[in-house]
Amino acid sequence: MILRKHVTAIFLFPLLFSCGPKEQTLTNIPEVEELLKKMTLEEKIGQLNLLTPGGGVATGAVVSENVEAKIKAGQVGGLFGVAGPERVRKAQQLAVEHSRLKIPLLIGSDVIHGYKTTYPIPLGVSCSWDMDLIEQAAHMAATEATADGVMWNFSPMVDIARDPRWGRIAEGAGEDPFLGAAVARAMVKGYQGDDLSAPNTMLACVKHLALYGASQAGRDYHTVDMSKLKMFNQYLPPYQAAVDEGVASAMTSFNDIDGVPASGNKWLLTDLLRGRWGFNGLVISDYTSVNEMVEHGLGDIQAVSALALKAGLDMDMVGEGFLTTLKKSLEEGKVTEEEITQACRRVLEAKYHSGLLNDPYRYSDAQRPERDILTTENRALARKLATRSFVLLKNHDAILPIKKEVKIALVGPLADSRNNMLGTWAPTGNPDLAVTILEGFKNVAPNAVLNYAKGANISDDAEFAKKVNVFGPRIVIDERSPETMLQEAVNAAKTSDVVVAVIGEATEMSGESASRTDISIPESQKKLIRALVATGKPVALVIMSGRPLTIPEEMDLPVAILQVWHPGVEAGNAIADVVFGHYNPSGKLTATWPRNVGQIPIYHSIKNTGRPNPEGGYEKFKTNYLDVSNSPLLPFGHGLSYTAFDYSDLKLDKSEISTEESVTITVTVENVGDVAGEEVVQLYLSDVVRSITPPKRQLKGFKKILLEKGEKKEVTLTLKPEDLKFYNNQLEFVTEPGEFIVYVGTDSNATLSGSFVLK
Ligand code: NOJ
């Protein structure tokens, strides 16, 4: 082992990827500068105002008022919650025909996992580990959204989340910065394409800058308190990756960072984002997050609005603090005219880049929705992506896949529940178009005999159901007694060859403001599962949820478990594809599943302590618990297949490298089972000794491959110089010489290893 003595590389503007950052969009554009010269102070402030007239999901107490009059008065820069070419055209007409300078509006929306063709929730999408498919899906979403008049997307959400109590873990790519960065890049590429002004691309908005996923205790909007080392090494890479990919805009988060809420945090918005990362796009607040700094204790609305502007925030979402106080702040010398002009410049530049300044009606083509939205191809893509997002958690006695010509008891509260298929944050999707599991089974296995029974309510707790049902009925408590429903399901099981139980969380049991302290399957459904297993019939559990759940009891049962998240509009068809073996599941978990909530926060890239307990058993004065082992229930990267893969012959092309060199790793993977299958080959790296305590291992590479039955492939993975870097105590992005160990395998517990030395 070699001890590190010196830092070998320092990058002040670190590049996390070999391809390097894309050019950020142009600034100081002549058309924009000309326009700025004509603008009054009030008109400039008006451009900083982002409103919603309602019609989308109001995620705060406020919905904007008198929107029409404000647009005509030049007091609005953009809208969200407005869609449809005609509605958007009318909104643009108010701006273009009635306001003095005829500046068109930016039209935004939350297109989080598909526009009308809703695909799986982002956490599910990330489990595909398929960046090409993710990019394609994002591009489809952009094509549909722009066809409906929306040219600005409040996505991707790239917040690293290591606390599954937090409901918004559903909206991101899970716990890992390397994978999170790859997903961020794929989504930005998919939304923005190569030309932001093309009629089928949209401005992306990376959110929520920053660290929102680290809300204390998993409670939404809560305090974040984190060391800079942890930020830079673990939480910031996906935001930076989006910036490197040329993302056009960024949204601040609700939480504070080092004591200052993101929307007023100059270090974050100016020093880091614009200075260190070189971002020159538009920065917007989240929904009333400027005003919320009053509640945070930073002063009155005038003070916090001035703070936000000076910090580098350009646009104020819904709160109207900029609109109502900036002029006064200017008169009192609390902000400068240059600061207002600069923010306005960024709004106008975003409009320029999207092509609106040339043609305000670019996205108001009435022919497009019919042609571009919910097409057969789009639905096929949503179905494909859904099948790739499912994770086979266990498969006792190879219960899955099921033969098509058998008698199936299809039971559970989510087996025929159209309202719960799309998942959280699908405000533009239409639940009525979703395919239920019952329908999907009939489509894919028309000869199967299906005995359907609901079996249980999602939850029997009416008070809980009321909170979950804010956007419509998700938990419907049946008029029949739980006992009657259970008996019906047991009877169905007894008269069938096999049982498929579709259980888990309702759509709004995860997502924004949907944190839970108990993330197990609700008791009503646990009773159903126990009763079904007691029949002695083979049971496959299909679990829907927006987060990792604690399911130690279910994992111990002799069942198969297929995790399907919330799969989107093609839910039933996609689930049937996998249950009946048309597609062999290949998804891998992107967030660790804990045994119980006491293990949270839980993630794979933990550090050793000075008193590690590697064997898992309890030992006094070691890092462990009295009541449960340290290991998770299901590790990051876990996911089974209907076949099995054998890993062998790990080789590294070099045993010593310099800081400029890459290492090529090869491994042989063989399909040793009976069917073709896809596998995500994962590479983890351990930096053995360094100047700050290293994680035991970190994901640094992956490749998804297809192997026919009996096929063997040599898979190549490359570690590039920047993959060995980390942020040191001075926040310099460095490598330090010494030994590195590489692990390659099927999940984060991979054991096949090799090592090399960085000189
Ligand atoms: C609040 C959410 O935090 C954010 O993600 C979303 O984009 C805005 N509301 C707008 O709907």
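These numbers come from the heavy atoms of this one structure, side chains and all, not from hydrogens, waters or symmetry mates. For ligands, and for the atoms within them, numbers begin at 1 and follow the listed sequence.
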Looking only at distances, can you tell me whether any N or O atom of [X], backbone or side chain, sits closer than 3.5 Å to an N or O atom of ligand 1?
X	answer
Trp425	no
Tyr212	no
Glu171	no

Inset, instruction - Please round to the nearest 0.5 Å and tell me the distance separating atom CG of Leu385 and atom NE2 of His113. - result: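 So the gap between those two atoms works out to 11.5 Å.
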
Legend entry - Under 3.5 Å side-chain donor-acceptor pair for Ser545 and Gln563: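 Looking only at side-chain atoms, Gln563 and Ser545 do form a donor-acceptor pair, the distance falling under 3.5 Å.
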
Inset, instruction - Decide whether Asn153 and Tyr115 meet the rule of one side-chain donor and one side-chain acceptor closer than 3.5 Å. - result: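 There is no such pair between these side chains.
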
Inset, instruction - Would you indicate which of Thr288, Asp220, Thr52, Asp286 comes nearest to atom 1 (C) of ligand 1 when only heavy atoms are counted? - result: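 Looking at heavy atoms only, the winner is Asp286.
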
Inset, instruction - Only heavy atoms count here, so choose which of Asn153, Asp159, Leu50, Asp110 is nearest to atom 10 (C) of ligand 1. - result: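 Nearest option to atom 10 (C) of ligand 1, by heavy atoms: Asp110.
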
Inset, instruction - Indicate the ring-plane relationship of Trp129 and Phe636, choosing parallel, tilted or perpendicular according to the 30° and 60° boundaries. - result: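 Rings of Trp129 and Phe636: tilted, 30 to 60°.
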
With a cut-off of 4.0 Å, which atoms of ligand 1 are near a heavy atom of [X]?
X	answer
Phe254	3 (O)
Phe80	10 (C), 11 (O)
Lys207	4 (C), 5 (O), 6 (C), 7 (O)

Inset, instruction - Look at Arg168 together with Glu512 and state whether they make a salt bridge at an N to O cut-off of under 4.0 Å. - result: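 Answer for the salt bridge query: yes.
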
Legend entry - Side-chain ion pair, Arg274 and Asp314, N-O less than 4.0 Å: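 Yes, charged N to carboxylate O under 4.0 Å.
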
Inset, instruction - Check Glu512 against ligand 1 and report side chain, backbone, both or neither, counting heavy atoms closer than 4.0 Å. - result: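 Near ligand 1, Glu512 shows its side chain, while the N, CA, C and O stay back.
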
Inset, instruction - Check whether any heavy atom of His208 sits under 4.0 Å from an atom of ligand 1. - result: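 Distance cut 4.0 Å: His208 passes for ligand 1.
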
Inset, instruction - Would you mind telling me which of Glu171, His566, Glu508 makes a side-chain contact (heavy atoms from CB on, under 4.5 Å) with Trp425? - result: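 With Trp425 as partner, Glu171, His566, Glu508 yield a single side-chain contact (heavy atoms from CB on, under 4.5 Å), made by Glu171.
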
